[in-house]
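These figures come from a predicted structure and were not determined experimentally. So that the names make sense, note that chain A is the first sequence line, chain B the second, and so on, each numbered from 1.
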Number of protein chains: 2
Amino acid sequence: MPKQTKKRDTGCPIAFALDTFGDRWSLLVIRDMAFKGFQSYNQFLNSEEKIATNVLADRLAELEELGIISKLTDPADGRRHLYVLTSKGIALLPVLIEMMQWSAQYDVNTIVKPEILSRIVHDREAFITQLREKIINRQALLAPMSRA
Amino acid sequence: MPKQTKKRDTGCPIAFALDTFGDRWSLLVIRDMAFKGFQSYNQFLNSEEKIATNVLADRLAELEELGIISKLTDPADGRRHLYVLTSKGIALLPVLIEMMQWSAQYDVNTIVKPEILSRIVHDREAFITQLREKIINRQALLAPMSRA
DNA sequence: CTGTATCCTTAGGGATACTG
DNA sequence: CAGTATCCCTAAGGATACAG
């Protein structure tokens, strides 16, 4: 059961965003879905940063409750689950993109493919639109048939 | 002395961003500087979300060490300090803006002035540029004379 | 006003074992 | 494979007192 972290509940949008996904792991899970196309528990678990299994389970439940992701049953195998981004989750793409750009600019250890960075800088809107459609298409194949 | 939080140090820009300012308070301090024009310890301390004094001191030191803010002595009163955003800090504006837009879209309790939201949506680049210049001008008055 | 210093609590999260 | 369940521990953060 996901905990209710202490919410600040001033009307501030920054504070709300932080209270919603401003923890150490949520955005990484969302990144895995958005950029790597990950959909299964095991994929997240084996992601580069090595999230702990209990933390992952908690974050997935939390994000689902927040309406940022959906949990589906795999149409190819009814025993498996798949996690996909909702439109509310996909709407976080711009936030991720801006973080990427900032880190690419100021951290020497950050690795972003030059052609990606270039598109972010010079063709931001189109890049996001294209990414969004890619995600939607990937999910469209399974979403309609098997909502959990 | 600011603690070194556990850094993940994969080359991922999202992970780096989270490790750098992905805590409960850093972005709120930056928000206070960027949008409210706050520059003094007391202003931050009395901000709406009521940050604890030790946490504030820690975050200010941390952000300074990261090169995101600068600590100056107040030219009007040598005993006082002022905190201002560096270019690296100002470069976080787009991240803040995207968070604002997302929250405005998905949280009913979030309050963003309609004219602000409209500018973000329809005139994003110009809005950010203008905001950036406003911040720089505000700081230009004191920055050159009194680096601590 | 601008911080330090302490004390204390809790929740976030790592490790690991276990289950359907 | 896809999670639960525990145990434990540390660091983040509240409260408050105090100092330059």
Side-chain angles (χ1 to χ4, degrees), chain A residues 1-9 15 18-29 32-33 38-65 69-84 146 148, chain B residues 1-9 15 18-29 32-33 38-65 69-84 146 148:
Chain A
M1 187 186 335
K3 312 172 179 63
Q4 273 305 90
T5 333
K6 200 173 299 177
K7 303 294 182 189
R8 274 166 290 216
D9 199 35
L18 290 172
D19 287 343
T20 306
F21 54 80
D23 68 286
R24 204 170 151 70
W25 294 107
S26 294
L27 282 183
L28 291 183
V29 173
D32 283 349
M33 294 190 189
F38 287 2
Q39 296 184 323
S40 73
Y41 193 89
N42 215 250
Q43 287 178 307
F44 304 131
L45 201 59
N46 293 318
S47 198
E48 211 180 357
E49 288 85 4
K50 298 299 164 200
I51 187 172
T53 174
N54 56 337
V55 177
L56 174 58
D58 180 81
R59 253 8 78 91
L60 288 172
E62 207 166 271
L63 290 172
E64 192 191 6
E65 190 168 339
I69 68 176
S70 287
K71 183 179 188 174
L72 313 176
T73 55
D74 187 341
D77 179 349
R79 299 167 309 178
R80 287 151 166 272
H81 291 149
L82 295 178
Y83 299 89
V84 298
S146 59
Chain B
M1 189 186 334
K3 312 174 179 62
Q4 272 305 90
T5 333
K6 202 173 296 178
K7 304 294 182 188
R8 274 165 291 214
D9 198 34
L18 290 172
D19 287 342
T20 306
F21 54 80
D23 68 284
R24 205 169 150 70
W25 293 106
S26 294
L27 282 182
L28 290 183
V29 174
D32 283 348
M33 294 189 189
F38 288 1
Q39 297 184 322
S40 74
Y41 193 89
N42 215 248
Q43 287 177 309
F44 304 130
L45 201 60
N46 292 317
S47 198
E48 210 180 359
E49 288 87 2
K50 298 299 164 199
I51 187 172
T53 173
N54 56 337
V55 177
L56 174 58
D58 180 82
R59 255 5 79 91
L60 288 172
E62 207 164 272
L63 290 172
E64 193 192 3
E65 191 169 340
I69 68 175
S70 288
K71 184 179 186 174
L72 314 176
T73 55
D74 188 340
D77 179 350
R79 299 166 310 177
R80 286 149 167 274
H81 291 150
L82 295 178
Y83 299 89
V84 298
S146 59

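Taking a 4.0 Å limit (strictly below) on heavy-atom distances, residues 42-49 of chain B does not reach DNA chain D anywhere.
A:Asp32 is linked by a side chain to side chain contact (heavy atoms under 4.5 Å, CB included) to A:Lys36, A:Phe38, A:Phe44, A:Ser47, counting only residues two or more places apart in sequence or in another chain. Taking B:Gln39 as the reference, nothing meets the side chain to side chain donor-acceptor pair (under 3.5 Å) condition, with sequence neighbours excluded. A search for side chain to side chain donor-acceptor pair (under 3.5 Å) contacts involving B:Tyr83 returns nothing, not counting sequence neighbours. Taking A:Asn42 as the reference, A:Ser40, A:Leu45, A:Asn46 meet the side chain to side chain contact (heavy atoms under 4.5 Å, CB included) condition, with sequence neighbours excluded. In terms of the ring pair (Phe, Tyr, Trp, His ring centres under 6.0 Å) criterion, residue partners of B:Phe21 (sequence neighbours excluded) are, by chain and number, A:Trp102. With sequence neighbours excluded, the residues forming a side chain to side chain contact (heavy atoms under 4.5 Å, CB included) with A:Glu64 are A:Ile69, A:Lys71, listed by chain and number. Residues satisfying the side chain to side chain donor-acceptor pair (under 3.5 Å) criterion with A:Ser26, sequence neighbours excluded, are A:Asp23.
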Worksheet, complete the sentence: Given protein heavy atoms under 4.0 Å, the one-letter contact record of nucleotides 15-20 of chain D, with B base, S sugar-phosphate only and - none, is simply BB----
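Applying the 4.0 Å criterion to OP1 and OP2 of C:dG3, one finds that B:Tyr83 has a side-chain N or O inside that range. Contact annotation: A:Arg59 side-chain N/O to C:dG12 OP1/OP2 distance is not under 4.0 Å. Dashed line: the shortest gap from a side-chain N or O of B:Arg80 to OP1 or OP2 of C:dC1 is not under 4.0 Å.
We find that B:Asp9 and B:Lys7 are not joined by a salt bridge, their nearest charged nitrogen and carboxylate oxygen being 4.0 Å or further apart.
Note on the helix from C:dC1-D:dG20 to C:dG20-D:dC1: angle between the axes of the first and last five pairs equals 40°, rounded to 10 degrees.
Distance A:Asp58 CG to C:dA15 P: 17 Å, rounded to the nearest Å.
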